[in-house]
Structure formats: structure tokens, C-alpha cells
Amino acid sequence: MMSGKESRRLARGLVLASHAAPTVVVTGLSAALAAALGSDGTTVALVTAAVGTGQLSVGWSNDWIDAARDSAVGRIDKPVVAGLVTARTLRAAALAALAVCVATSLALGVAPGAAHLVAVGGAWAYNARLKATVWSWLPYALSFGLLAVFVVLAAPGPRLPAGWAVAAAALLGTGAHVANTLPDLEDDAATGVRGLPHRLGRRACGVLAPCLLLAAVGLVITGPVGPPAPAAWFGGAVAACLALAAGATALTRPRSRAPFGLSMGVAVVCVVLLALAATDIAVVP
């Protein structure tokens, strides 16, 4: 039986390995969008549980799969290297979270459940192999795009997601991937990880990340029917400033994690704008 100190140490390791900040942001934004689309309390709760456990499974599997690589480059910021949790424990936690994710996703229906499970599967594929290839961006584009599909299909009524909304989500995911990779380019390269950002180089990615985010912002503003409302222009301006700040920080502070945080800020603003345009992002076929 573990002591109180050991239990707290394990809990801290699990929280750190879950990549808590993006997990909370993605889960919260999904729940907010589901509510904006008119989903009832049960549906919003299931969406929250499905996305939350899916994100936990992805975070824990990432640190489990990367444990040997992180140890090789002395990543003491990683809980396995710091001795807070073992890779074996993370594997068990990831598989348990994935099992709950499967159950809660399918509880919302076959179509939305399948969309979400493919999204989660794409993230696992990134962790397992694709992060080291030129296709590293693809799981992010696929998974974020399908996340929008999942939330719309889970909402009431025979509605489908608008193409521009799915494209915006995919661009947000890809931009976040590029920004998130930048601080670890050298450590990743030392252990054989050469995704698309590694092949393009820091300077090119410092420009590419904000461009992808700005493209997403443009779609969110111009996608809904009719001229953009003042709130859309204001939100778009805020998101654009955050995107440009992410690019500038990536170029001037190579080791900073701020570009990823700023990318999450862009995503938050974009989801708020999507919620305001809920009637346009879910369309009757």
C-alpha cells in the first residue's frame, strides 16, 4: 500500500503526463461548442467525458511511448524521467482512459462515436510512429477536423458540419502542432524524430505556424452566412494578434513554450466565434 507521499507523487506524475493544459482546453471547448449547438445536459456530459478521456489517453500514451527517448536526452521535465511515475503505469492509465473513451463515444451514436474514435486513433498513431515522419502534421489536421464533426453529429437533429468549420479546426490543429514542436526540435532530432517541422527548420516554422492560425481565423470570420458581425471582426482581430505573437515568439525565443499557449488562445477565440455562429456550422443536409 502506498504512503500519502507516494500517492501524491504518483498523482502529480499522472497530471503532468496528461498534458493537462491542452487536455483541459480541448475538452472545455468541445463541451462549450456542444452546448452552443443545443445539445442537452446528458449529451454535453457524454461529449465532455469522451473528449476528456480521449485526451488523457493521448497524453499518457505519449509519455509512455516516449519514455526511453526522453530519458536519452535527459528531459527532466518529463514525469517518467523525473521518477514521478513509471512508463508501465502510464501504459495502464492510457489503456484504461481509452476504454472509457470508446464507451462514452459510442454512447452518443455510431456515427459521432466513430468520428471521435478515428480522431483519437490518429493522435495515438502520431505518438506511436507518425511524429517521426513527414506526415507528422496529418494526425493533427485529421483529429481536430474530426473533433468538430463529432460534436456536430452528437448534437440534436439531422445536421452535418459545414466544410469551412471542419477546415478551420484542421488548420488550428496543424498550426498548434507546428508551434508545439518548436521548443523540442533539437532534442527530437537527437533521438531520430524528424517530423515536418524538423525538416522545414525553425525559421520556416516560425512563419508557417501563424500563417496556418491566421488562415483558420479567416475561415471562422468569413465562413458563416452573411457579412461578419462586429463581434466576429473584434474576435478575429484578437485571434490574429495572438497568432502573430506566437510566430514572433517562436523566432525570437526558440525554447519558449509560449507559442503553443498562444495557439491555444487562438483556438479559444475561434471556438467562441464558432459558438456565436452555431446555426451556420451545423447544416441540414
Side-chain angles (χ1 to χ4, degrees), residues 5-26 54-98 120 122-137 139-140 143 173-206 208-209 246 249-264:
K5 183 177 181 181
E6 289 172 330
S7 297
R8 289 191 295 272
R9 187 180 183 87
L10 174 61
R12 181 165 176 256
L14 288 172
V15 170
L16 290 173
S18 72
H19 300 232
T23 292
V24 170
V25 170
V26 172
Q55 290 295 303
L56 287 173
S57 79
V58 172
W60 285 332
S61 68
N62 178 76
D63 277 31
W64 151 41
I65 293 169
D66 280 355
R69 185 181 297 118
D70 291 336
S71 296
V73 294
R75 289 287 304 275
I76 58 173
D77 59 314
K78 292 291 188 176
V80 173
V81 181
L84 298 175
V85 66
T86 65
R88 182 177 180 179
T89 298
L90 289 181
R91 179 181 63 186
L95 293 175
L98 182 61
V120 173
W124 274 68
Y126 172 85
N127 290 341
R129 172 59 183 158
L130 292 181
K131 70 188 300 179
T133 75
V134 72
W135 300 103
S136 63
W137 60 274
Y140 277 82
S143 296
T174 307
H177 161 56
V178 175
N180 190 40
T181 305
L182 289 173
D184 302 323
L185 286 181
E186 289 77 16
D187 288 346
D188 288 342
T191 56
V193 174
R194 295 192 68 245
L196 181 63
H198 307 81
R199 297 163 195 258
L200 293 177
R202 187 178 303 280
R203 185 169 295 277
C205 288
L208 177 61
T249 305
L251 291 173
T252 57
R253 295 167 55 196
R255 286 285 184 176
S256 174
R257 297 281 174 187
F260 182 64
L262 291 166
S263 300
M264 291 292 98

Who passes side-chain hydrogen bond (donor to acceptor under 3.5 Å, both in side chains) against His198, sequence neighbours left out? Asp188
Restricting to non-hydrogen atoms, name the atom on Arg202 and the atom on Leu251 that form the minimum distance, rounded to 0.1 Å. O-CD2, 4.2 Å
Judged by atom type as modelled, is there a donor-acceptor pair below 3.5 Å linking the side chain of Thr23 to the main-chain atoms of Ser18? yes
Quick one, Leu84 with Leu10, criterion side-chain contact (heavy atoms from CB on, under 4.5 Å). Give me CA distance, side-chain angles, the key distance, then yes/no. CA-CA 6 Å; Leu84 298 175; Leu10 174 61; over 6 Å; no
Looking at Leu196, is its backbone amide N or carbonyl O close enough to the side chain of Ser136 to form a donor-acceptor pair, meaning the two atoms are under 3.5 Å apart? yes
Test item: Val26 and His19 side chains (from C-beta on) under 4.5 Å apart, heavy atoms: no
Yes or no on side-chain contact (heavy atoms from CB on, under 4.5 Å) for Val25 and Gln55, after CA distance, side-chain angles and deciding distance? CA-CA 10 Å; Val25 170; Gln55 290 295 303; over 6 Å; no
Arg194: which residues meet the side-chain hydrogen bond (donor to acceptor under 3.5 Å, both in side chains) condition with it, sequence neighbours left out? none
Interatomic distance, CZ@Arg69 vs CG@Asp63, rounded to 0.5 Å, equals 11.5 Å
Working to the nearest 0.5 Å, report the span between OH of Tyr140 and CG of Asn180. 5.5 Å
Find out whether Pro139 and His177 are in side-chain contact, i.e. whether some heavy atom of one side chain is under 4.5 Å from a heavy atom of the other. no
So, for Ala93 and Leu14, which heavy atoms are closest and what is the spacing to 0.1 Å? CB-CD2, 4.3 Å
Who are the side-chain hydrogen bond (donor to acceptor under 3.5 Å, both in side chains) partners of Asn127, not counting sequence neighbours? Ser61
Test of understanding: with side chain to side chain contact (heavy atoms under 4.5 Å, CB included), list the residues that count as partners of Arg91, not counting sequence neighbours. Trp64, Arg88, Leu95
For the residue pair Cys205 and Leu200, what are the closest heavy atoms and their distance? SG-CB, 3.9 Å
Residues Val193 and Lys131: closest non-hydrogen pair is CG1-O, 3.5 Å
Point-to-point distance, once rounded to the nearest 0.5 Å, from CZ of Arg257 to CG of Leu262: 13.5 Å
Who passes side-chain hydrogen bond (donor to acceptor under 3.5 Å, both in side chains) against Thr86, sequence neighbours left out? Thr89
Here the pair of heavy atoms bringing Ser256 nearest to Pro259 is O-CD, 3.4 Å
Which pair of heavy atoms, one from Leu16 and one from Pro79, lies closest together, and at what distance? CB-CG, 4.0 Å
When you measure from the side chain of Thr249 to the backbone of Ala246, do you find a donor-acceptor pair of N or O atoms at a distance under 3.5 Å? no
May I ask you to say whether Arg75 pairs ionically with Asp66, meaning some side-chain N is under 4.0 Å from a carboxylate O? no
Using the ring-ring contact (aromatic ring centres under 6.0 Å, His included) criterion, which residues pair with Phe260? Sequence neighbours excluded. none
